[in-house]
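Here is the structure we will look at, set down as structure tokens.
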Protein chains: 2
Amino acid sequence: MDEKTKSRQANTPPSPNERPTLKTIAFMTGLGITTVSRALKDAPDIGAETKERVRLVAAQVGYHPNRAGVRLRTGKTNVISLILSLEEEFIGLTSPMVVGISEILATTQYHLVITPYSARSDPLDPVRYVLDTGAADGVIISRTEPKDPRVALMMERNFPFGTHGRTELGLEHPYHDFDNERFAYDAVRMLVERGRRRIMLLHPPPFLTYHMHMRSGFERGLRDFGATSVPFNKVDLDNSLADIRVACEAAMLAPDAPDGVISGSGGGAVALVAGIEDAGLKLARDVDMVSKQSNDFLQWLRPEVITLREDFRLAGRELAKAVIARIEGQPATELQTLSFPVLQN
Amino acid sequence: MDEKTKSRQANTPPSPNERPTLKTIAFMTGLGITTVSRALKDAPDIGAETKERVRLVAAQVGYHPNRAGVRLRTGKTNVISLILSLEEEFIGLTSPMVVGISEILATTQYHLVITPYSARSDPLDPVRYVLDTGAADGVIISRTEPKDPRVALMMERNFPFGTHGRTELGLEHPYHDFDNERFAYDAVRMLVERGRRRIMLLHPPPFLTYHMHMRSGFERGLRDFGATSVPFNKVDLDNSLADIRVACEAAMLAPDAPDGVISGSGGGAVALVAGIEDAGLKLARDVDMVSKQSNDFLQWLRPEVITLREDFRLAGRELAKAVIARIEGQPATELQTLSFPVLQN
DNA sequence: CAAGCTTACTGTATCGTTACAGATTTTGAC
DNA sequence: GTCAAAATCTGTAACGATACAGTAAGCTTG
């Protein structure tokens, strides 16, 4: 074969206005496509000078690897999927999480894809979808249950994921959780410090893992600080604000009305405040309240409410880091973090 | 060539535990890969019975087209990118939009990818990124400016997108907008109906398009209903709640204090309420207030505030539909929608 | 019954990337 | 100066899908 016309992969000049590919760089540098590919990933069998030259040209032409090409060849999607309930009530909490996740992913090659599901459908559906279609390299889920079937499924398939909230499956997986046990315990303490003894808790729905945490912190607080519980089981944090409001008013007018109230979320607290005031009672005077809170609104309008902050943005950051680390093979046990309530102001 | 061993593409049985591909179905049906591909997209040159058979087998094995394969071959990403500012202040508003977008995309092949940017970086960056990398088939942006450079860029490249908010570029593109002119006009009317005459407006930052809309509705309202404006130009909706609160208190204590206040957002309203009360004034008695509001919190805690609702979830739905229609070639002029303030309760 | 048209189906090449198995040159050891 | 080892570089095939240019058989038509 003639030396001048010896076979080359990149023998046609790339058209000027198209997205540069490895071929473009190969043509410009006179190297083979494989060499360029390996140079850009700093492979040990490529010369230092060549690497430098390739990197320079790549930067010059604004080369970005084609995600579809990489994905097709390697199976790596470079996608993290956040599985999100579309119910209005929960979205407020998860949106700062999106920010936290994005902050971390922005420093990586990963894209964030929102995979939604509605209350009317099986929460397993979005997980199955990601697993079956290979839509992502890792998944983040919320609203974790003790025997969460999504967790069981992903563990079984050995698929990287992180959960916002813990499980009780005896399986080690990455999670980030807020210490709701401590939250409720501290809340009881703060109410007792203000002379309150009859305490009512607006808790999360019983099927979520953190229900147990919050309840046990609550019970422990009652024991340790000598207070009693006022039952409030008709509603939980998944009920509408209107329902919570009505239930709270009723509780406040009942014979053994509470003098202290704990709310497991900021939204619930708003409804409780309204219910308390509907009953003709006044915060700080007749009733004290401690709420978990992730935004400032409540604090501005009812500064009497004591708020312990849960940082959802941090949760997003921690979960994103954990899932990526899991994808990279780090053991799950090293990727479990807890955050603690912080007194606001 | 022996008839029995005549060449076939799908001649090796697919391994059982892998994701099914066209090859899998081709093998199972005894058809060619091309035929299966065309049968599944209901091409006219495939027999009706064959199509039925292919569809059946595809459903049976749970076939989903490999997105990377499609994307690589056709260039279609089946992705819509939502470009999102990571600032805490704005994320509250955009999160119901995510829900609306997801609702629409869930009925299609499209995935939603969140492309973030921070205040410290150029807002053009994420748009350039999507354009340069071909990361999506369409884009949704918010916080639109009259001469929005992102809009100009995408128009120039003929790239499908939708904006939350209008522009003044003389370019026709899909948008969804809330009628802020009408909002401010109605707000003035409602305040005047309550006997208020000296009205203060907490407006959006001047560089956003809807600033003009809100201002002109405000001015028109003042003229039509015979009220006057109390200047409030030290802060806008992009300032921190704390800044707004302080500025509002100062305005309330100044010689020509307003007796009516209009807030362009629910978050701002909270700060204004706090400022008013800091000044020792009382809502409804000393001052009336109209706020744009997208959640219920304000209404629960300060029912005296009159709220006109902007539906961000609807905005998300409209924008998602518009962008998809634009991708499918529908003219931009048919994809421009407006929504109107709704009195809450 | 040949020519032409339909109908139904299929193989090849390709998108951009990387794993793999060479190929070529340089270096080093003796 | 020889030969093996090390250092650099490269072509081919494949991931899964589809555009395109066919092929083959059946059906009209005169």
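All values below were derived from every heavy atom in this structure, side-chain atoms included, with hydrogens, water molecules and symmetry-related copies excluded. Chain identifiers are assigned alphabetically (A, B, ...) following the order of the sequence lines, protein sequences preceding nucleic acid strands; residue numbering begins at 1 within each chain. A quick note: this is a predicted structure, and the numbers were derived from the prediction, not measured.
OP1 and OP2 of D:dA17 both lie 4.0 Å or more from every side-chain N or O belonging to B:S37. A sub-4.0 Å separation between OP1 or OP2 of C:dT18 and a side-chain N or O of A:K41 is present. For the pair A:T74 and C:dT18, the criterion of a side-chain N or O lying under 4.0 Å from OP1 or OP2 is not met. Using a 4.0 Å cut-off, some side-chain N or O of A:T50 falls inside it from OP1 or OP2 of D:dC9.
Nucleotides of DNA chain C nearest to A:R73 and B:G47 differ in position, and the one nearer the 5' end is that of B:G47. Both B:R53 and B:G69 lie close to DNA chain C; mapped to their nearest nucleotides by heavy-atom distance, the more 5′-ward contact belongs to B:R53.
The environment of CD in B:E334 is crowded: more than 12 heavy-atom neighbours from other residues, nucleotides or ligands sit within 6.0 Å. Annotation: B:Q60, atom CD; neighbour count of heavy atoms from other residues, nucleotides and ligands within 6.0 Å does not exceed 12.
Using a 4.5 Å cut-off on side-chain heavy atoms (C-beta onward), A:L112 and A:V98 make contact.
Contacts of B:N66 with the nucleic acid, taken as non-hydrogen atoms under 4.0 Å apart, involve only primed sugar atoms and P, OP1 or OP2.
Listed nucleotides: D:dA17, D:dT18, C:dT10. Nearest to the side chain of B:I46: C:dT10. Checking D:dT12, D:dA17, C:dG16 against every side-chain atom of B:T21, the shortest atom distance belongs to D:dA17. Closest to the side chain of A:Y63, out of C:dG16, C:dT17, D:dA17, is C:dT17. The listed nucleotides are C:dT10, C:dG16, D:dT10; the one nearest the side chain of A:T35 is D:dT10.
Using a 30° and 60° split on the angle between ring planes, A:H176 and A:H164 fall in the parallel class, below 30°.
Distance, A:I33 CD1 to D:dT12 P: 11 Å, rounded to whole Å.
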